[in-house]
Protein chains: 2
Amino acid sequence: MTQPRPRIPEATVARLAVYLRVLTGLADGGRTTVSSGELASAAGVNPAGLRKDLSHLGPCGVRGVGYEVATLRDRIARVLGVERSRACVLVGIGNLGAALADYAGFGGRGFRFVGLFDAAPARVGQRVGGQPVRPMEELAEVVAATAASIGVIATPAEVAQSVCDRLTAAGVRSILNFAPVALVAPGDVDVRQVDLSVELQVLAFLGQQRDAGAPALPAPAVEVPA
Amino acid sequence: MTQPRPRIPEATVARLAVYLRVLTGLADGGRTTVSSGELASAAGVNPAGLRKDLSHLGPCGVRGVGYEVATLRDRIARVLGVERSRACVLVGIGNLGAALADYAGFGGRGFRFVGLFDAAPARVGQRVGGQPVRPMEELAEVVAATAASIGVIATPAEVAQSVCDRLTAAGVRSILNFAPVALVAPGDVDVRQVDLSVELQVLAFLGQQRDAGAPALPAPAVEVPA
DNA sequence: GCGACTTTGTTCCTGCGTTCACAAGCGGTT
DNA sequence: AACCGCTTGTGAACGCAGGAACAAAGTCGC
């Protein structure tokens with residue numbers, strides 16, 4: 001009954017999600033097989049690293065040929081746990097929340113939002129992404145009824161912790177937090193933090209560093225023909 | 001170079017951005033000093049790691065006391081290049097693009113959008129976050145006029161590469177891509193990828209792993225099925 | 001049927017990031 | 001003025017991720 005779970009590194013899991021997306025696209029395009037080199041280039045990673053990532057799933061390719069697109073896609077989907085659709089609740093239907101609710105990349109990849117919640121009475125009742133926005137009072141009820149295991153927080157930072165508390169109290173065990181605060185949660189709850197502005201600041205730093213120290217750099221920019 | 005710039009690890013840079021946000025909040029709250037332990041807890045990291053991160057900036061704390069909030073904040077801001085405001089252009093004003101344009105976390109942290117662009121004629125002319133949406137034809141012009149160094153892509157995946165090409169052609173050297181495709185760009189252009197659904201899939205994986213193996217299994221060392 | 005080519009899966013190695021633990025330094029107290 | 005406790009900064013070890021090279025294995029051509 002147990003899965004092949006010799007512990008997959010988290011960095012590998014993140015890349016597996018990318019491979020899954022690429023493979024889904026290839027399958028929709030009618031491709032039946034793909035080589036590690038091609039897949040790696042489409043995913044933006046090193047071919048050897050890709051093969052190492054896939055090796056965690058056990059042998060799933062054919063030497064001399066490559067990987068069967070549909071088979072590999074299904075296998076990754078099963079390992080990632082997106083084989084069956086997962087119920088998620090989304091709290092905070094501001095600009096970002098509405099964008100997330102509408103984001104096609106979620107529904108198409110095994111996630112479905114079973115409840116959108118907001119504390120502002122003005123927002124409650126509006127329809128976003130085909131669903132009505134519900135008041136916070138219904139949160140526990142919906143989580144219990146749908147067995148939602150994932151909660152997404154897209155509220156202002158000030159209320160994120162209290163939303164987190166309510167989600168965990170309702171039984172949610174996994175939380176994705178877009179608010180720029182570090183949440184504290186019970187040890188058996190997974191919390192992942194996404195700060196949209198952090199990436200922008202890393203970019204600014206790299207740009208400043210490049211501009212400051214690179215002028216005399218050789219950097220003939222050899223092109224890599226794909 | 002007068003700058004102590006012996007290469008700061010990228011992971012450290014990302015955390016410095018988080019420290020900067022926490023410090024700004026503390027300063028606004030009137031705090032004058034803070035210890036590494038407290039700051040680390042607010043940022044969700046290990047105290048020793050935080051001190052190591054800060055050590056890249058040179059000594060900036062007082063032993064036995066802690067760090068001076070305002071001083072440390074300004075120092076990190078200078079290192080990250082957030083001291084002066086940076087001009088950014090944003091392409092793709094859909095749900096996500098509108099959320100980004102409105103996101104207060106950007107303007108407050110040294111980034112200002114000097115141009116919002118969309119290919120859909122229906123969107124052009126609308127005002128989002130206090131600015132008008134412009135047609136793609138004006139992209140190169142605006143980038144040249146404002147010396148924007150950062151471009152943000154929030155378009156559908158299909159057109160992201162062509163937008164990337166136009167941005168680089170216009171002179172943008174740093175690109176933040178929210179579209180789920182790996183972009184190819186010249187070697188002197190920094191491209192950073194953010195896939196919102198990847199984090200969700202990592203969460204699903206961790207949740208599945210927890211549910212399947214947590215009851216009493218420490219590490220069963222199971223092997224692959226068939 | 002056999003050889004050669006292609007591509008996977010694995011192994012080794014190098015470098016980086018993270019953590020632990022300790023010495024150094026400063027403020028407050030007596 | 002000297003001691004003591006607190007906190008920083010740094011040095012070292014551990015573990016992990018990434019990259020390159022090699023061997024196994026299967027297919028295609030002759």
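Computation of the quantities below employed the complete heavy-atom set of this structure, encompassing side-chain atoms and omitting hydrogens, waters and symmetry-equivalent molecules. The chains referred to below are lettered A, B, ... by the order of the sequence lines, with proteins before strands, and numbering in each begins at 1. Not measured: the values here are computed from a predicted model.
At a cut-off of 3.5 Å, with distance as the only test, a side-chain donor of A/Ser197 or B/Arg109 sits close to an acceptor on the other residue. Between the side chains of A/Ser36 and A/Arg51, a donor-acceptor pair is found at a separation under 3.5 Å. Side-chain contact of A/Ser174 with A/Asp190: a donor-acceptor pair under 3.5 Å is absent, judged by distance alone.
Note on residues 72-108 of chain B: pairs passing ring-ring contact (aromatic ring centres under 6.0 Å, His included), not counting sequence neighbours, are B/Tyr103-B/Phe106, B/Phe106-B/Phe113.
Atom CG in A/Leu50 sits about 14 Å away from atom P in C/dT10, given to the nearest Å. Taking atom CG on A/Asp53 and atom P on C/dT8, their separation rounds to 14 Å, with Å as the unit. At whole-Å resolution of the value, CG in A/Leu57 and P in C/dT8 are 14 Å apart.
A donor-acceptor pair is defined here as one N or O able to donate and one able to accept, closer than 3.5 Å; such a pair exists between the side chain of A/Thr168 and the backbone of A/Cys164. At least one donor-acceptor pair under 3.5 Å links the side chain of A/Gln161 to the backbone N or O of A/Val184. At least one donor-acceptor pair under 3.5 Å links the side chain of B/Gln208 to the backbone N or O of A/Val79. Side chain of A/Arg21 to backbone of B/Pro180: a donor-acceptor contact under 3.5 angstrom is found. In this structure, the side chain of A/Thr24 engages the main chain of A/Leu20 through a donor-acceptor pair within 3.5 Å.
Nucleic acid contact for A/Gly61: sugar-phosphate only, since backbone atoms but no base atoms lie under 4.0 Å from a heavy atom of the residue.
Residues A/Glu68 and A/Arg31 are not paired through a salt bridge, judged by the lack of any N-O separation under 4.0 Å between the basic side chain and the carboxylate. Residues B/Glu10 and B/Arg192 are paired through a salt bridge, judged by an N-O separation under 4.0 Å between the basic side chain and the carboxylate. Here A/Arg210 does not pair with B/Asp188 in a salt bridge; the nearest charged N to carboxylate O distance is not below 4.0 Å.
Once you apply a 4.0 Å limit to the heavy atoms of chain B, the touched nucleotides of DNA chain D run 5' to 3' over D/dC6 to D/dA12.
Contact check of residues 191-204 of chain B against DNA chain D (heavy atom, cut-off under 4.0 Å) returns no residues at all. A heavy atom closer than 4.0 Å to some atom of DNA chain C occurs in no member of residues 10-18 of chain A.
A sub-4.0 Å separation between OP1 or OP2 of C/dC20 and a side-chain N or O of B/Asn46 is present. Applying the 4.0 Å criterion to OP1 and OP2 of C/dT8, one finds that A/Ser36 has a side-chain N or O inside that range.
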For nucleotides 22-30 of chain C, 5' to 3', base contacts (B), sugar-phosphate-only contacts (S) and non-contacts (-) with protein non-hydrogen atoms under 4.0 Å give --BBBS---
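Nearest-nucleotide positions on DNA chain D for A/Ala48 and B/Gly66 put B/Gly66 closer to the 5' end.
Take B/Arg75 and apply the side chain to side chain contact (heavy atoms under 4.5 Å, CB included) test, not counting sequence neighbours, and it matches B/Leu57, B/Cys60, B/Arg78.
When each of C/dC12, C/dC20, C/dT8 is scored by its nearest atom to the side-chain atoms of A/Tyr67, the top-ranked nucleotide is C/dT8.
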